[in-house]
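Here the structure is laid out as structure tokens; the discussion comes afterwards.
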Amino acid sequence: MKPTIRIFKEANELSRAAAELFVALATQAIRERGRFLVALSGGSAPMGLYRLLARKPIDWTRVHIFWGDERLVPPENPESNYGQAREVLLKHIPIPSENIHRVATELESDAAAADYARVLKEFAAPNLDWPRFDLVLLGMGEDGHTASLFPGSPVDVTEPVIAVTANYQGRPAQRVTLTPLVFNDARQALFLVAGANKAVSLRGVFDDYNSSELIPAKRIQPTEGQVTWMVDEAAGSALTPSPSPK
Ligand code: 6PG
């Protein structure tokens, strides 16, 4: 299915639109399937969204929260994706603790990946070893990485969760990430991307010249679901033809 690209003038408009989509998807999933399965991302782009969600009318008892990737640091570390979501969102909403499925960062990376694969299996869709997420939130680094799928990493991964060692902006290197096997079974993948430093890679996502080995965000193409890109004007500035802001 063709990706949807929406370009916003301001980061807060982008967050508001993402929050609207989140609420709409949660409401629909709960109505149709009794629960909403969402994978959060790390990075700075979703923080505005998380703050807004804390005030939204969502039946949090029916929401299950996972992470698309995690850095192997304790939750108290500011680089923890779980920790940052806990501070701005999870602490402020009535969600049962058993609905929060964080990566066990106290384990070694391979063991943490195996443990998370087991957690995913508990929510598996028929004939799969992982759930069909209603929503996966993703970001993109300036090198085109998404979740913790970095340029040059193997494209044909056969595991739903893997341990990786990353070398990116001096950030924590040991990570666990879901793979495209899981992301591409999602009903909706939503990328939030802001900043001029992402413009060239973002153009690369949509052109035919760059391989998905070079730009891992290209690997995210849900088989039956949708991909939506919400980007700010700076990130979208190299897209051609430049879609008008909305
Ligand atoms: C992580 C992420 C990662 C992130 C991008 C973009 O844990 O590092 O999930 O893939 O989304 O690096 O991050 P920014 O939004 O901070 O640019």
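All values below come from the heavy atoms of this structure, side chains included, with hydrogens, waters and symmetry mates left out. Bear in mind the structure is a predicted one, so any value in this text is a computation, not a measurement. Ligands are counted one by one from 1 in listed order, and the atoms in each one are counted from 1 as well.
In this structure, the protein non-hydrogen atom closest to atom 5 (C) of ligand 1 is H145 NE2, 3.5 Å. Scanning the protein for heavy atoms near atom 9 (O) of ligand 1, the closest one is D69 OD1, 2.7 Å.
Below 30°, between 30° and 60°, or above 60°: for F191 and W229 the angle between ring planes is below 30°, a parallel geometry.
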Using the salt bridge (Lys or Arg N to Asp or Glu O under 4.0 Å) rule, take R33 and D134 through it: C-alpha gap first, then chi angles, then the decisive distance, then the call.
-> CA-CA 10 Å; R33 294 178 291 281; D134 297 300; 2.7 Å; yes
So R71 and T177, side chain to side chain donor-acceptor pair (under 3.5 Å) or not? Walk me through it.
-> CA-CA 9 Å; R71 305 158 183 177; T177 187; over 6 Å; no
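With a 4.0 Å cut-off on non-hydrogen atoms, A147 touches ligand 1 through its backbone and not its side chain. With a 4.0 Å cut-off on non-hydrogen atoms, M140 touches ligand 1 through its backbone and not its side chain. Proximity of E142 to ligand 1, defined as any heavy-atom pair under 4.0 Å, is not found for any part of the residue. Contacts between E70 and ligand 1 below 4.0 angstrom, taking non-hydrogen atoms only, are absent altogether. Under 4.0 Å from ligand 1, not a single heavy atom of V193 appears.
Near A45, meaning under 4.0 Å from one of its heavy atoms, ligand 1 places the atoms 15 (O). The ligand atoms of ligand 1 that sit less than 4.0 angstrom from a heavy atom of G139 are 11 (O). Near N81, with a cut-off below 4.0 Å to any heavy atom, the atoms of ligand 1 are 1 (C), 7 (O). Those atoms of ligand 1 with a heavy atom of R71 less than 4.0 angstrom away are 1 (C), 7 (O), 8 (O). Of all atoms in ligand 1, listed by their number and element, those nearer than 4.0 Å to a heavy atom of K198 are 14 (P), 17 (O). Atoms of ligand 1 found under 4.0 Å from any heavy atom of G43, numbered from 1 in the order shown, are 13 (O), 14 (P), 15 (O), 16 (O).
There is no side-chain donor-acceptor pair under 3.5 Å between W60 and N99. Judged by distance alone, the side chains of T165 and Q174 do bring a donor and an acceptor atom under 3.5 Å apart. Q169 and E142 share a donor-acceptor pair across their side chains, judged by distance under 3.5 Å alone. With 3.5 Å as the limit, one finds a donor-acceptor pair spanning the side chains of S148 and D69. Side-chain contact, Q188 with T228: a donor N or O sits under 3.5 Å from an acceptor N or O. Checked by atom type, the side-chain pair R175/T105 shows no donor-acceptor distance below 3.5 Å.
Close N/O approach between Y168 and ligand 1 is not found [any backbone or side-chain N/O within under 3.5 Å]. Every N/O-N/O distance between L138 and ligand 1 stays at or above 3.5 Å. Residue contacts with ligand 1: P46 is placed with no nitrogen or oxygen under 3.5 Å of a nitrogen or oxygen of the ligand (distance criterion only). Here's the thing with T146: none of its N/O atoms is less than 3.5 angstrom from an N/O atom of ligand 1.
The 12-atom threshold is not exceeded at CZ of R62, counting heavy atoms of other residues, nucleotides or ligands nearer than 6.0 Å.
Remark: aromatic rings of Y82 and W67 are close, center separation under 6.0 Å.
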